[in-house]
Amino acid sequence: MYKLFATIVKDTRVLARDKVGLIFIFGMPILLVLIVTSIQNSTFEMASRKMVPLLVCNKDTGASSLEFLQAVDKIGLFRLIETPASESEQTIRERVQQKDALLGLVIPADFSARMAARAKNVSDKALTSFGLDSTRHGGDITTMPLPLYYHPILQESFRHSTEGALYSALQLVESKQILKTLYFSLNEKELPDSLEKELLSTRTLITELPVSRNGSRYTPNASQHNVPAWTIFAMFF
């Protein structure tokens, strides 16, 4: 026991004399924790804890683009930053690169026209399948893809979730347009708002339930993730 105590005292004295070694052993891991934590915290705050800034350049003047932006705003995931329609896509890319927003969306000028044409095309197909007379206008019509620019700071899984949210908003607008067109073709009058809400409303709810030991919904931050890991690293170092 005495030999062990003497060894500890000796190693402590030797280590205390090596100032540079102490700095590298204890100072570098602490500095590394601070740097990594600050970077991750800034990323988490911009990408997960707050609404994601979405730079929107709407070059369309129709109603469908406005309905799409309203649907995106209702999701609650994005903070819309609208820009003048005169801005180019190169300007949008540069602003995203400069972190004016983490995402940039450009709505083309013919968005509403193509949405209406596609709704008419789908409605005509539905009427034809029902055995009703319908005047077809050309072949299949597809909407132009919406350019979505993103900053590389966003993780791939988070980008997929934002794309899914945008797709759901886009699908809602497209379904609404198809229903209106189909209803007008059958009844020659506009779709009532009450019926539209009834057809598009979601009745099945999803309830989120935490499975932690105490039922807490608390999510560890970047510091709580990194400090234990780098502490163990320092111990083995």
Side-chain angles (χ1 to χ4, degrees), residues 32-119 141-177 200 202 206 208 217-226 229:
L32 191 59
V33 167
L34 294 177
I35 294 175
V36 174
T37 301
S38 63
I39 294 174
Q40 289 188 350
N41 268 332
S42 62
T43 304
F44 291 159
E45 287 177 359
M46 289 195 312
S48 60
R49 293 187 178 181
K50 299 179 182 179
M51 290 190 294
V52 182
L54 175 62
L55 198 63
V56 178
C57 181
N58 186 9
K59 299 180 180 296
D60 182 66
T61 58
S64 295
S65 60
L66 298 179
E67 291 180 355
F68 171 62
L69 293 180
Q70 290 175 359
V72 171
D73 189 41
K74 288 182 180 179
I75 294 174
L77 180 63
F78 305 99
R79 178 169 59 87
L80 300 183
I81 305 174
E82 297 188 18
T83 65
S86 57
E87 285 196 0
S88 63
E89 294 191 19
Q90 178 63 29
T91 305
I92 299 297
R93 287 204 302 266
E94 292 176 355
R95 294 186 61 179
V96 172
Q97 184 179 7
Q98 296 170 1
K99 294 185 180 179
D100 289 348
L102 295 179
L103 295 169
L105 181 66
V106 179
I107 301 178
D110 58 347
F111 177 81
S112 295
R114 281 183 169 269
M115 188 72 70
R118 177 172 169 76
I141 299 176
T142 59
T143 57
M144 291 184 64
L146 301 180
L148 179 64
Y149 302 102
Y150 66 90
H151 197 280
I153 197 175
L154 289 178
Q155 297 180 355
E156 184 177 1
S157 58
F158 190 80
R159 291 205 315 269
H160 289 331
S161 64
T162 56
E163 289 178 6
L166 292 175
Y167 273 124
S168 64
L170 192 60
Q171 185 66 39
L172 178 63
V173 175
E174 187 173 358
S175 300
K176 183 186 297 186
Q177 186 71 30
L200 296 175
T202 302
I206 299 177
E208 296 182 356
R217 295 176 181 265
Y218 179 75
T219 302
N221 55 30
S223 300
Q224 293 169 328
H225 277 292
N226 285 309

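Reckoned from all heavy atoms, side chains included, excluding hydrogens, waters and symmetry mates.
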Just list the side-chain donor-acceptor pairs under 3.5 Å for residues 61-73, sequence neighbours left out, or say none.
residue: Ser65; atom: OG; partner: Asn58; partner atom: ND2; Å: 3.4
residue: Ser65; atom: OG; partner: Asp60; partner atom: OD2; Å: 2.9
residue: Ser65; atom: OG; partner: Gly62; partner atom: O; Å: 3.1

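Side-chain contact between Glu94 and Gln90: present, with at least one pair of heavy atoms (C-beta onward) separated by less than 4.5 Å. A 4.5 Å side-chain heavy-atom check between Phe78 and Leu103 finds at least one atom pair inside the cut-off. Using a 4.5 Å cut-off on side-chain heavy atoms (C-beta onward), Ile81 and Asp100 make no contact. For the pair Leu55/Val106, no side-chain contact is recorded, criterion being any heavy-atom separation below 4.5 Å from C-beta on. The closest side-chain heavy-atom distance from Tyr149 to Leu105 is not below 4.5 Å. Proximity of Thr83 to Ile92: side-chain heavy atoms (C-beta onward) are separated by under 4.5 Å at one or more points.
Heavy-atom minimum distance, Leu146 versus Pro108: CD2-CD, 3.3 Å.
Within 6.0 Å of the CD atom in Glu163, the count of heavy atoms belonging to other residues, nucleotides or ligands exceeds 12.
Rounding to the nearest 0.5 Å gives a distance of 7.0 Å between CD of Gln97 and NE2 of His151. Here the CZ atom belonging to Arg93 is positioned 13.0 Å from the OH atom belonging to Tyr150, to the nearest 0.5 angstrom. In this structure, the separation between CG on Leu54 and CG on Leu77 is 9.0 Å, given to the nearest 0.5 Å. To the nearest 0.5 Å, the span separating CD on Glu174 from CD on Gln171 amounts to 5.5 Å.
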- request: Check the pair Leu102, Val96 against side chain to side chain contact (heavy atoms under 4.5 Å, CB included), reporting the backbone distance first and the verdict last.
  value: CA-CA 6 Å; Leu102 295 179; Val96 172; over 6 Å; no

Check your understanding: Yes or no on side chain to side chain contact (heavy atoms under 4.5 Å, CB included) for Met115 and Leu170, after CA distance, side-chain angles and deciding distance?
Key -> CA-CA 10 Å; Met115 188 72 70; Leu170 192 60; 3.9 Å; yes

| task | Quick one: do Ser168 and Ile75 satisfy side chain to side chain contact (heavy atoms under 4.5 Å, CB included)? Show the steps, please. | result | CA-CA 9 Å; Ser168 64; Ile75 294 174; 4.1 Å; yes

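Contacts of Glu82 classified as salt bridge (Lys or Arg N to Asp or Glu O under 4.0 Å), with partners at least two apart in sequence or in another chain: none.
Judged by distance alone, with hydrogens and angles left aside, the side-chain atoms of Thr91 form no donor-acceptor pair with the main-chain N or O of Glu87 at under 3.5 Å. Side-chain atoms of Lys59 come within 3.5 Å of backbone atoms of Ala85 as a donor-acceptor pair (strictly under, hydrogens ignored). Side chain of Thr162 to main chain of Arg159: a donor-acceptor pair is present (N/O by atom type, distance under 3.5 Å, no hydrogens or angles).
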